[in-house]
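Being a predicted model, the structure only gives us computed values, none of them experimental. Labels below follow one simple rule: chain letters A, B, ... track the order of the sequence lines, proteins then strands, and each chain is numbered from 1.
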Amino acid sequence: MTTTPAPSTTAQARTHALHTPVIAWFDANARDLPWRHPEAGPWGVMVSEFMLQQTPVSRVLPMYEQWLARWPRPADLAAEPPGEAVRAWGRLGYPRRALRLHAAAAAIAERHGGEVPTDHAELLALPGVGEYTAAAVASFAYGQRHAVLDTNVRRVLARAVTGVQYPPNATTAAERRLARELLPDAEPVAARWAAATMELGALVCTARAPECGRCPIAAHCAWRAAGSPAHDGPPRRGQTYAGTDRQVRGKLLAVLREAHGPVPQAALDAVWDEPVQRARALDGLVADGLVEPLEGASYRLPLT
DNA sequence: AACTCGTGGTC
DNA sequence: TGACCAAGAGT
């Protein structure tokens, strides 16, 4: 059992050193999340992935349960008006995700016989499913071998392998290549690795205060070995919110979500006093299909 | 490639 | 206390 690996510094040599401790740590520390239960099924996994885009687990949990109880299959959601999806989205944020999830459900019902597709390319073709979500559903729901590159995995790889505190602002070709190189060969192990690295980033190798004392690969971590140097490079990103169109859109949509009939213009005008920005925000909501204009200067969530 | 798109919790 | 952060996608 002392088959010494080739004395190379390639990723293939590193990969074996990381897989076992990370997966063992996951076996012992994985959170018991409902979309990880077998009964969640591929549809449950897909719903959770839409909700988790840019949104913390703690806020997703109650919404996830409500959605799956109300719409246990894609066809159930597809049978309802898109506005019902937007309303049920509540305050999860980025309500266009609700619209896209509804559209994805409709596509699944029409093109895939009501079953979430297993093929990566078919997943990617669904509304609201990008590189990350396609890989996540294929991996978590179907056990396939894909590089799953979310913000957690990117941070773990940036630190453990590349030796920097934070990954680049946008996913790079180098990150994709690295993630592919590190993927275990065996399909079920690769799927386990994907979930494990994500969980490690979420629970231990966090953005602000990583708990390296609890990290199963601290001894292998290139960033630690370099003395945990502070991030150098462009600022991570400015994400101001107060006073933006997004805030206005949020206030407008909140009124429409609460209403169950047509909402008169005056009710919308009350949420923001700057008329130019208010009109721009409302136009944007209509253009996105989140709001439907009616006769007589009133609005509602979309029925079609 | 850079920008937009919600909301709430944290330090 | 305001800046940062949270399982991204679409343009």
Side-chain angles (χ1 to χ4, degrees), chain A residues 26 30-31 33-36 40 44-64 86 89-101 103-104 123-141 146-156 165-173 175 179 191 194-203 205-210 231 234-257 271 277 280-281 283-285 287-291:
Chain A
F26 186 60
R31 289 168 291 180
L33 301 171
W35 44 88
R36 288 177 175 166
V45 172
M46 175 169 278
V47 170
S48 77
E49 291 302 337
F50 269 77
M51 291 183 169
L52 287 163
Q53 292 168 5
Q54 300 286 283
T55 305
V57 167
S58 60
R59 289 181 41 218
V60 165
L61 283 170
M63 286 297 156
Y64 172 84
V86 174
W89 200 251
R91 306 187 63 79
L92 264 188
Y94 291 145
R96 292 189 296 191
R97 291 182 293 169
L99 224 42
R100 290 175 183 148
L101 182 50
L123 287 166
L124 198 53
L126 296 172
V129 176
E131 178 183 355
Y132 162 75
T133 302
V137 173
S139 181
F140 302 155
H146 293 283
V148 180
L149 260 189
D150 80 317
T151 186
N152 291 304
V153 175
R154 294 180 63 219
R155 187 173 55 248
V156 168
Q165 187 177 19
Y166 295 119
N169 280 333
T171 306
T172 63
E175 288 182 274
T197 47
M198 200 178 298
E199 192 79 336
L200 185 62
L203 298 184
C205 192
T206 58
R208 282 190 187 137
H231 178 71
R236 310 235 22 230
R237 60 167 162 267
Q239 207 184 50
T240 54
Y241 179 65
T244 62
D245 287 5
R246 288 154 77 178
Q247 183 181 23
V248 185
R249 287 168 56 111
K251 287 178 176 297
L252 292 170
L253 204 57
V255 172
L256 287 152
R257 251 192 268 111
V271 307
Q277 187 180 28
R280 185 172 64 234
D283 286 349
L285 289 170
D288 287 348
L290 284 162
V291 173

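- Using a 4.0 Å heavy-atom criterion, one finds that A:Arg154 contacts no nucleic acid atom at all.
- Residue A:Arg208 is in base contact, counting any heavy-atom pair closer than 4.0 Å across all strands shown.
- For the pair A:Tyr94 and B:dT4, the criterion of a side-chain N or O lying under 4.0 Å from OP1 or OP2 is not met.
- Among the atoms of the strands shown, base atoms are found under 4.0 Å from some heavy atom of A:Arg96.
- Regarding A:Glu199, its CD atom lies at a distance of 14 Å from the C1' atom of C:dA6, rounded to whole Å.
- Atom C1' of nucleotide C:dA6 and atom CZ of A:Phe50 are separated by 18 Å, given to the nearest angstrom.
- Contact annotation for A:Thr133: backbone-only contact, meaning every heavy-atom pair under 4.0 Å involves sugar-phosphate atoms and none involves a base.
- Residue-level contact check: A:Ala136 touches neither bases nor backbone, having no heavy atom under 4.0 Å from any strand.
- Within the structure, every side-chain polar atom (N or O) of A:Tyr132 is placed at least 4.0 Å from both OP1 and OP2 of C:dA9.
- In this structure, A:Trp35 reaches the bases: a heavy-atom distance under 4.0 Å links it to at least one base atom across the strands shown.
- Separating the CG atom of A:Leu92 from the P atom of B:dG8 is a distance of 10 Å, rounded to the nearest angstrom.
- For C:dG8, neither phosphate oxygen OP1 nor OP2 lies less than 4.0 angstrom from any side-chain nitrogen or oxygen of A:Gln53.
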